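One structure is given here, and the rest of the page talks about it.
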Amino acid sequence: MSEELNDQMQVRREKLNSYREKGLDPFGSKFERTALAEELTAQYDEFTKEELEEKQIPATIAGRIMTKRGKGKAGFAHVQDLSGQIQLYVRKDAIGEEAYEIFKSADIGDIVGVTGEMFKTNVGELSVKANEFEILTKSLRPLPEKFHGLKDVEQRYRQRYLDLITNPESRDTFVMRSKIIQSMRRYLDNLGFLEVETPMMHSIPGGASARPFVTHHNALDMELYMRIAIELHLKRLIVGGMEKVYEIGRVFRNEGISTRHNPEFTMIELYEAYADYHDIMSLTEHLIAHIAKEVLGTAKVQYDDQEIDLEPEWTRLHMVDAVKEYTGVDFWKEMSDEEAKALAKDHGIEIQETMTFGHIVNEFFEQKVEEKLIQPTFVYGHPIEISPLAKKNPEDARFTDRFELFIVGREHANAFSELNDPIDQRERFEGQLKEREEGNDEAHLMDDDFLESLEYGMPPTGGLGIGVDRLVMLLTNSASIRDVLLFPQMRNK
RNA sequence: GAGCCAUUAGCUCAGCUGGUAGAGCAUCUGACUUUUAAUCAGAGGGUCGGAGGUUCGAGCCCUCCAUGGCUCACCA
């Protein structure tokens, strides 16, 4: 607050005071505009200079001054609104001495309202030739440089508004993010899914394996946890007969931050009664391909230096076959935990002493296969040890009817035929508790309330979770999750 | 949590072997009624991220700290 004002901030405050002395409000109120920049371009750019002069088309625009040049008795500026920019042509003889003085004193960054006529310059740039010009909001700080925009990544994240004002690519990414989520919603709504809202504060954090954020409710005097997944509440709704539900919402995990991880991130989870994981695979590929086509106009997506083809059907690969293909190790064979550990050692797979067969298969997959799955691939049949909420595979009880979706070497979705047997579910939770005792502090907790709901009967159900931020990264060719989060988590300065 | 790299004017960036701070944009003054990274003439603007240290002398070398980026670890 007590920050010293540099010369530019000083000057802008002086201008502000001079407007007040003239009886002008430097922080104006409502302004009725008739068009956005892009609409004007779309409608009138086709006309010649002469045609426009004859037509005398009026226009009232509002926006932020981004560039400004010329000063004597005429000047130009570009005004930016949500849709883009349009040039302003201001002549002293057209707007009068007083208004021209205001225009002359206007700074880059000021928000202005302009009424005028459509006009074309000698070099053919469509412009608004001003009859009236007023400052709607005086900007008291200089904007980042017009040509390079704001480059400093830290400042782009901490002061996203500056990034949005000066970097069109960044604004495009966030507009795209909104469209992706809109498209997702529309697609599911059309399939008859209901969008619901369930609590973000849980008394038992469940539905995933991750450390939670802890908080406290004073009046109830109880510990609460920010949710790490949406899963268990949506399944209760399936028990309640809602049959096809989804929720798009924030999830919180108290883990490290990276280019692919933010402590709070957005997931969509959906559950469909009477479906299984094969149905969900199909839904997933069609959902994502649909979004890509609707938002990008194509299912072929450029990500970094790779072209990703999202056109269904996508490859389906059993985790054991995937490991076999990339390492030659065959985990279809019956083997003891000790034999599996020996194989891990031979192949340089890092494991922990307490791990069993299924954990080791998963480690093989994560350490040797995951990063190689560039084109969309459903990897299914996850070991039971790492899938406490998924149905057992009827043919081979070591594995579950679960899949994860990998694209560009990253997990994008996780889904399964939901475990609806409350007795099996209780045993799984007990297995998780044992892991917790052995030191896995991310193993699932017992959730008796959820088990009680299953005991009333949950129909066979397919469920899905998609990391929305990662999907947005993929579709906007963004290298870091921070580039698709408006306000990524930062340390206090 | 570990390693590497970065931090210089409001912004984008130079700054040599250690010799005492530079450019462009922006700002200010002046010129300019079709410019567009407008142009021309002039001017002002710096705790070189912070704190120590080495040295006659530090933006530059050393140590610690802060923030950020990338990689790794963690995230089944």
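A note on names: the letters A, B, ... follow the listed sequences, proteins ahead of strands, and every chain is numbered from 1. All values below were derived from every heavy atom in this structure, side-chain atoms included, with hydrogens, water molecules and symmetry-related copies excluded. This structure is a prediction, so every number in the text was calculated from the model and none was measured.
- To the nearest whole angstrom, the two P atoms, one in B/rG3 and one in B/rU39, are 48 Å apart.
- Between A/R156 and B/rG68, a side-chain N or O to OP1/OP2 separation shorter than 4.0 Å is absent.
- A/K129 comes within 4.0 angstrom of no nucleic acid atom, judged by non-hydrogen atoms across all strands.
- A cation-pi arrangement is found for A/K68 relative to A/F103, the charged atom lying closer than 6.0 Å to the ring centre and inside a 45° cone about the ring normal.
- When heavy atoms are screened at a 4.0 angstrom cut-off, A/Y157 is found touching the sugar-phosphate backbone but no base atom.
- Look at B/rG44: it lacks any Watson-Crick or wobble partner with both distances under 3.5 angstrom.
- With B/rC13, B/rG68, B/rA26 as the choices, the nucleotide that has an atom nearest any side-chain atom of A/I108 turns out to be B/rA26.
- Put simply, the side chain of A/E145 and the base of B/rA26 share no donor and acceptor less than 3.5 Å apart.
- Across all strands, A/G75 comes closer than 4.0 Å to no nucleic acid atom at all (heavy-atom distances).
- For the C1' atoms, the distance from B/rA58 to B/rG52 is 13 Å, rounded to whole Å.
- B/rU12 is paired with B/rA23 under the criterion used here, namely a Watson-Crick or G-U wobble arrangement in which both key atom distances are under 3.5 Å.
- Figure legend: cation-pi geometry between A/K391 and A/F416 absent, as NZ or CZ is not positioned both under 6.0 Å from the six-membered ring centre and within 45° of its axis.
- Between A/R69 atom CZ and B/rC25 atom P the separation is 14 Å, expressed in whole Å.
- Atom CD of A/Q10 is separated from atom C1' of B/rC28 by 13 Å (rounded to the nearest Å).
- Residue contacts for A/D152: at a heavy-atom cut-off of 4.0 Å it reaches the sugar-phosphate backbone alone, with no base atom in range.
- Of the candidates B/rU67, B/rU33, B/rU35, the closest approach to any side-chain atom of A/R158 belongs to B/rU67.
- Side chain to side chain, A/T41 and A/E38 fail the donor-acceptor criterion of an N or O pair below 3.5 Å.
- To the nearest whole angstrom, the two C1' atoms, one in B/rA26 and one in B/rC13, are 14 Å apart.
- B/rC25 and B/rA43: their P atoms are spaced 15 Å apart (whole Å).
- Residue contacts shown for A/E385 are absent, as no nucleic acid heavy atom lies under 4.0 Å away.
- In this structure, B/rA37 makes no Watson-Crick or G-U wobble pair, since no nucleotide meets both defining distances under 3.5 angstrom.
- Across the interface with RNA chain B, nearest-nucleotide mapping of A/T67 and A/S127 shows A/S127 to be the residue nearer the 5′ end.
- For B/rG15 and B/rA6, the P atoms lie 12 Å apart once the distance is rounded to whole Å.
- In this structure, A/Y380 has its ring center under 6.0 Å from that of A/H318.
- The same atom, P, is picked in B/rU54 and in B/rG44; the two are 37 Å apart, to the nearest Å.
- Between the NE2 atom of A/H148 and the C1' atom of B/rA23 there is a distance of 12 Å, rounded to whole Å.
- As rounded to whole Å, 17 Å separates atom C1' of B/rA6 from atom NZ of A/K151.
- Comparing atom distances between the A/V123 side chain and each of B/rU34, B/rU36, B/rU27 picks out B/rU36 as nearest.
- For A/P144, taking side-chain heavy atoms from C-beta onward, the closest of the listed nucleotides B/rA26, B/rC11, B/rU33 is B/rC11.
- The residue among A/E255 and A/S480 whose nearest nucleotide of RNA chain B lies closer to the 5′ end is A/S480.
- Phosphate proximity of B/rU67 to A/R491: present, with a side-chain N or O under 4.0 Å from OP1 or OP2.
- Considering only side-chain N and O atoms, A/T259 lies under 4.0 angstrom from the phosphate OP1 or OP2 of B/rU71.
- Rounded to whole Å, atom C1' of B/rC13 lies 15 Å from atom CD of A/Q155.
- Less than 6.0 angstrom separates the ring centroid of A/F331 from the ring centroid of A/F364.
- Applying the salt bridge (Lys or Arg N to Asp or Glu O under 4.0 Å) rule to A/K138 yields the partners A/D107, A/D110; only residues at least two apart in sequence or on another chain are considered.
- In this structure, the nucleotide among B/rC28, B/rC25, B/rG68 sitting nearest to the side chain of A/V153 is B/rG68.
- Among the heavy atoms of the strands lying under 4.0 Å from A/R91 is at least one base atom, whether or not backbone atoms are also near.
- Of the listed nucleotides (B/rG45, B/rA37, B/rU33), B/rG45 has the atom at the smallest distance from the side chain of A/D7.
- For the pair A/K92 and B/rC32, the criterion of a side-chain N or O lying under 4.0 Å from OP1 or OP2 is not met.
- Considering A/T327, A/L373, A/V320 in turn, A/L373 is the only one that fulfils the side chain to side chain contact (heavy atoms under 4.5 Å, CB included) rule with A/F365.
- Taking atom C1' in both B/rU17 and B/rC60, the straight-line distance is 11 Å, to the nearest Å.
- For an aromatic pair to be called close, the ring centres must be under 6.0 Å apart, and A/F429 with A/H444 satisfies this.
- Checking B/rU54 for Watson-Crick or G-U wobble geometry (two distances, each under 3.5 Å) identifies no partner in any strand.
- Contacts of A/L150 with the nucleic acid, taken as non-hydrogen atoms under 4.0 Å apart, involve only primed sugar atoms and P, OP1 or OP2.
- Nearest nucleotide to the side chain of A/H78, out of B/rU36, B/rA37, B/rG68: B/rU36.
- When heavy atoms are screened at a 4.0 angstrom cut-off, A/N362 is found touching the sugar-phosphate backbone but no base atom.
- If you take CE of A/M490 and P of B/rU67, they are 11 Å apart, rounded to a whole angstrom.
- Separating the CD1 atom of A/I351 from the P atom of B/rC74 is a distance of 14 Å, rounded to the nearest angstrom.
- Atom P of nucleotide B/rU36 and atom CG of A/N122 are separated by 12 Å, given to the nearest angstrom.
- Applying the Watson-Crick and G-U wobble criteria (two distances, each under 3.5 Å), B/rG68 pairs with B/rC5.
- Taking the P atom of each, B/rG1 and B/rG59 are spaced 32 Å apart, rounded to whole Å.
- For the residue pair A/T198 / A/E247, a side-chain donor-acceptor distance below 3.5 Å is found, with atom types taken as modelled.
- Comparing B/rU35, B/rU67, B/rC70 by their closest approach to the side chain of A/E154 singles out B/rU67.
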